[in-house]
Amino acid sequence: MNRKYRKTIIAGNWKMNMKPSDVKPFAEAVKAIVPRAKWCETVICAPYVDLPAALKYLREAHISVGAENLSEHPKGAYTGEVAADMLVDLGVKYVIIGHSERRQYFGETDITVNKKVHAALEAGLQPIVCVGESLEQRELGVTEELVTLQVKTALADVSPKQVRKIVIAYEPIWAIGTGKTATAEQANEVCRAIRTVIRGLYGARVARAITIQYGGSMNEKNAYELLSQPDIDGGLIGGASLVPEKFAAIIEAANQE
Ligand code: PGA
């Protein structure tokens, strides 16, 4: 973390878990433990149907709300899809784009990720753009090249002004939901490489200000060490964001002076 230059953001990704009726008890439980995070922004990205409840109850707990996906199209005949301005109309602030599960199970590519980034920015949503390598790619030694390509493609035609709204989440696929976390040094190395890519594209000032999260089995035990790394500015948290005590403990780890 480097609070002098950039925001620390702890974001939960509920994935396809939690019903609308689960939101209120979750929010109340987190609020009872962490009344208000002082040094970091906290976010929960929730399934579409949970968003109205999330906007009501999580905001009372000072937690911002994000969606987990959006359509690349602004409106029209796309049955089952949800457009960026529908999310904005509800009051949603963030949206996860290009999560590895979307890439793996729903055919999303770097190109669709770029289209969704533009759709989100045009509507005023803040994208949390996910990038990361598979185990095979890491073992082949191509992690940095791959992540560089993912970042550059995701940000194609994004202006220097717009890029200030973007959060990048480095999520090694082999660490997601597996209990295997990248070591703090491994995670920091890739986050630093991402910052170098941003510096090349947008200059030092933007690179210094962009929030780069780590995601992949971040939990209440390893959060402090990961967040102590200079280039890790927060977390995107799956499993541990479903349990109020665990999510609150991660917020506390980011909230230390
Ligand atoms: P995990 O998920 O924390 O359960 O590994 C992270 C993510 O997929 O964003």
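Each ligand, and each atom within it, is numbered from 1 in the order the structure gives.
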### Query
Around atom NZ of Lys24, are there more than 12 heavy atoms of other residues, nucleotides or ligands at under 6.0 Å?
no
### Query
Any non-hydrogen atom of Ala240 lying under 4.0 Å from ligand 1?
no
### Query
Is any side-chain N of the basic residue among Lys31 and Glu60 closer than 4.0 Å to the acidic one's carboxylate O?
no
### Query
Any idea which atoms of ligand 1 are less than 4.0 Å away from a heavy-atom of Gly177?
1 (P), 4 (O), 5 (O)
### Query
Between Trp14 and Phe26, how do the two ring planes meet: parallel, tilted or perpendicular, split at 30° and 60°?
perpendicular
### Message
Starting from atom 9 (O) of ligand 1, what is the nearest protein heavy atom, named by residue and atom, and what distance separates them?
### Response
Glu171 OE2, 2.7 Å
### Query
Are there more than 12 heavy atoms of other residues, nucleotides or ligands under 6.0 Å from atom CZ of Arg3?
yes
### Task
Give a yes or no on whether the backbone of Leu70 and the side-chain of Lys116 come within a donor-acceptor separation of less than 3.5 Å.
yes
### Query
Does Gly216 reach ligand 1, in the sense of a heavy atom lying below 4.0 Å from it?
yes
### Message
Strictly below 4.0 Å, N to O, side chains only: are Asp233 and Arg195 in salt-bridge contact?
### Response
yes
### Closest heavy-atom pair and its distance - Val43, Val65
CG1-C, 4.3 Å
### Message
Between the side chains of Glu108 and Arg103, is the shortest nitrogen-to-carboxylate-oxygen separation below 4.0 Å, so that they form an ion pair?
### Response
no
### Query
Taking distance alone, with no angle check, do Glu101 and ligand 1 share an N/O pair under 3.5 Å?
no
### Ile237 N/O under 3.5 Å from ligand 1 N/O
no
### Query
When you look for heavy atoms under 4.0 Å from ligand 1, do you find them on the side chain of Ala175, its backbone, both, or neither?
backbone
### Query
Do His99 and ligand 1 have an N or O pair less than 3.5 Å apart?
yes
### Query
Considering residues, nucleotides and ligands other than Tyr224, do more than 12 of their heavy atoms fall under 6.0 Å from its OH?
no
### Message
Can you report which non-hydrogen protein atom sits closest to atom 4 (O) of ligand 1, along with the distance?
### Response
Gly239 N, 2.8 Å
### Query
Hey, which atoms in ligand 1 end up nearer than 4.0 Å to a heavy atom of Ser217?
1 (P), 3 (O), 5 (O)
## Note on the structure
Honestly, for Ile176 the part within reach of ligand 1 (heavy atoms, under 4.0 Å) is both
### Task
Taking only heavy atoms of Lys15 into account, list the atoms of ligand 1 that are under 4.0 Å away from them.
2 (O), 7 (C), 8 (O)
#### Entry: Identity and distance of the protein heavy atom lying nearest atom 3 (O) of ligand 1
Gly238 N, 2.8 Å
